[in-house]
2 protein chains.
Amino acid sequence: MAESRSRDLRDQCAEVALKLIGEVGVEGLSIREVARRLGVSHQAPYKHFASSNHLLAEVVRRMYADFSAYLLSRPKGRNEAESMENLGIAYFEFAMRNPLHYRLMFGNPLPDPDQHPEMMSEARAAFTILLDSIAAARGGKNVKLDQLDALFVWSSLHGLSTILRTNALDEIGLKQAVLSEALPHTLMRIGVALGI
Amino acid sequence: MAESRSRDLRDQCAEVALKLIGEVGVEGLSIREVARRLGVSHQAPYKHFASSNHLLAEVVRRMYADFSAYLLSRPKGRNEAESMENLGIAYFEFAMRNPLHYRLMFGNPLPDPDQHPEMMSEARAAFTILLDSIAAARGGKNVKLDQLDALFVWSSLHGLSTILRTNALDEIGLKQAVLSEALPHTLMRIGVALGI
DNA sequence: TTCATAGGTTGACGCCGTCAACTTAGTCCT
DNA sequence: AGGACTAAGTTGACGGCGTCAACCTATGAA
């Protein structure tokens, strides 16, 4: 009972923290406000998280887990090449549909990775999905080349997602038509580059 | 005299703020600490910056200006293709040599762009350098295609820089050899993709 | 000479994170 | 059954932060 109640509070903290971040941004996350919204004292969350950064790390860890799940749930495709393409689409979709989640994972001021190993192991799992898919598409004969290309693909997708998300490009003067074609164009270029 | 003294304080604030961010991270930036280090009262900076976010925006604006200057100062190359390659190298060099500057520009919790137009206009200038270079490399016949490819190139470079900078990859288990080859490999892939 | 104003000062307010000390309820030996 | 231990939650305090308000002072224009 105590076990379940406490687990409840831990979960609820992470949940409310995410909602709060959505409202006021990462820098507005306040452990006291989380406690307030849950109707508990300002110290209660400290029984479950050593510091406010640990709370943030837990939120981020969950985002990585969601991300991995989304990538894995993509349509399979009839062959490895199609599966790769679907992966690219899924990656981008996730970033566009869940900008907050994506920003939390790859936005910068993350809790120091060294101090939050559980967060990092979830991140590693996400990258592994991408790496495996590339290796599969090419028979996995040249591990190093696969890794380099996985990095290349990830870079391109990540960069595009980040850039489009910021709205910086509206300001820069690119037309909407350009922006909406950016993903298929990038996927096409990646295909050309990798000879798939 | 008053003019020059005040301009001094404004400049000094931005300078000290950058150094402070380097020490304690963006989230540790404190207007009071800046004032303390400059030996002025905690309110003095407010005569030059409306809020601490405005101070941050000024710091970021300067980073964009430095970035543009670095890109423009790259070796010219004997032809447009070489000039493009040098641009890619310069982009990446800047990101690796000045991780703090780079993180400030593209790390997430930036001051709201709408409220800091001077910051954004400096950012626009940096993207224009890249766009112009791509257009030049291809004679500028197809504007939309040039824009799409500029976006593709920028995405790839930006993504790679961001990913490598986080050290996430060490944790993920990639060998050092892979990481050191990542840039040339990515530039090569971009070349293949664009048929340059 | 007057006087508005830019730049700088002190003081106060209400947030925040976090340490410390206390309460309470449940668990586990004996 | 009873007592010790512990996990989970509470209240209270401290110092740091951003920022509003009020005050001071020199300078340059009228």
Side-chain angles (χ1 to χ4, degrees), chain A residues 1-60 104 108-112 115-116 118-119, chain B residues 1-60 104 108-112 115-116 118-119:
Chain A
M1 185 52 157
E3 175 67 9
S4 93
R5 278 226 313 163
S6 71
R7 176 151 299 280
D8 273 0
L9 183 55
R10 189 184 156 87
D11 280 0
Q12 286 171 8
C13 281
E15 220 169 284
V16 169
L18 176 60
K19 186 176 284 187
L20 184 57
I21 290 173
E23 292 173 17
V24 298
V26 149
E27 69 283 358
L29 175 59
S30 146
I31 233 172
R32 290 177 103 111
E33 179 62 20
V34 168
R36 223 172 279 129
R37 293 189 182 198
L38 289 171
V40 296
S41 77
H42 67 265
Q43 278 289 1
Y46 279 89
K47 298 295 168 177
H48 303 279
F49 302 98
S51 77
S52 64
N53 262 343
H54 285 76
L55 171 55
L56 180 57
E58 169 61 14
V59 172
V60 172
L104 276 174
N108 233 122
L110 280 192
D112 178 5
Q115 299 198 1
H116 305 280
E118 291 161 15
M119 181 183 80
Chain B
M1 186 51 157
E3 175 66 9
S4 94
R5 279 226 313 164
S6 71
R7 175 151 300 279
D8 273 0
L9 183 54
R10 188 185 157 90
D11 280 0
Q12 285 172 11
C13 281
E15 220 169 283
V16 169
L18 176 60
K19 186 176 283 185
L20 183 57
I21 290 173
E23 292 172 18
V24 298
V26 152
E27 68 284 356
L29 174 59
S30 147
I31 233 174
R32 289 176 102 110
E33 178 62 19
V34 168
R36 222 172 280 128
R37 293 190 182 197
L38 288 171
V40 296
S41 77
H42 66 265
Q43 278 289 2
Y46 279 87
K47 297 296 169 175
H48 303 278
F49 302 99
S51 77
S52 63
N53 263 342
H54 285 77
L55 171 55
L56 179 57
E58 169 61 13
V59 172
V60 173
L104 276 173
N108 233 120
L110 281 193
D112 179 5
Q115 298 197 2
H116 304 280
E118 290 161 15
M119 183 184 80

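Only this structure's heavy atoms are used, side chains among them; waters, hydrogens and symmetry mates stay out. We name chains A, B, ... by the order of the sequence lines, and we start the count at 1 in each one. Just so it is clear, the structure is predicted and the values come from calculations on it, not from any experiment.
- Relative to the side chain of A:Y46, the nucleotides C:dG17, D:dT19, D:dA8 differ in distance, and C:dG17 lies closest.
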Scoring nucleotides 12-17 of chain D by protein non-hydrogen atoms under 4.0 Å (B base, S sugar-phosphate only, - none) yields BB---S
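- Contact record, B:L9 with B:A44: CD2-CB, 4.2 Å, taken as the closest heavy-atom pair.
- Legend: residues meeting side chain to side chain contact (heavy atoms under 4.5 Å, CB included) with B:A17, ordered by chain and number and at least two apart, are B:L29, B:V34, B:L55, B:V59.
- In this structure, the side chain to side chain contact (heavy atoms under 4.5 Å, CB included) partners of B:S52, at least two apart in sequence or on a different chain, are B:I31.
- Here B:H42 pairs with nothing under the ring-ring contact (aromatic ring centres under 6.0 Å, His included) rule; sequence neighbours left out.
- Listed by first and then second residue, the salt bridge (charged side-chain N to carboxylate O under 4.0 Å, His left out) pairs that reach into residues 45-59 of chain B are B:R10-B:E58, B:E58-B:R61, B:E58-B:R62, sequence neighbours excluded.
- Atom pair A:L56:CG and C:dT18:P shows a separation of 12 Å (rounding to whole Å applied).
- In this structure, of C:dG7, D:dT10, C:dG17, it is C:dG7 that holds the atom nearest to the side chain of B:K47.
- The distance from atom CG of A:L55 to atom P of C:dC16 is 14 Å, rounded to the nearest whole Å.
- Residue B:S52 is in sugar-phosphate contact alone, with no base atom involved, counting any heavy-atom pair closer than 4.0 Å across all strands shown.
- Atom CZ of B:F49 is separated from atom P of D:dG18 by 14 Å (rounded to the nearest Å).
- Applying the side chain to side chain donor-acceptor pair (under 3.5 Å) test to pairs two or more places apart or on separate chains, those with a residue in residues 13-25 of chain B are B:E23-B:R37.
- The CG-C1' distance, from A:N53 to C:dT18, rounds to 13 Å in whole Å.
- When rounded to the nearest whole Å, the span between NE2 of B:H48 and C1' of C:dG7 equals 6 Å.
- Taking atom CG on B:L38 and atom P on C:dT9, their separation rounds to 11 Å, with Å as the unit.
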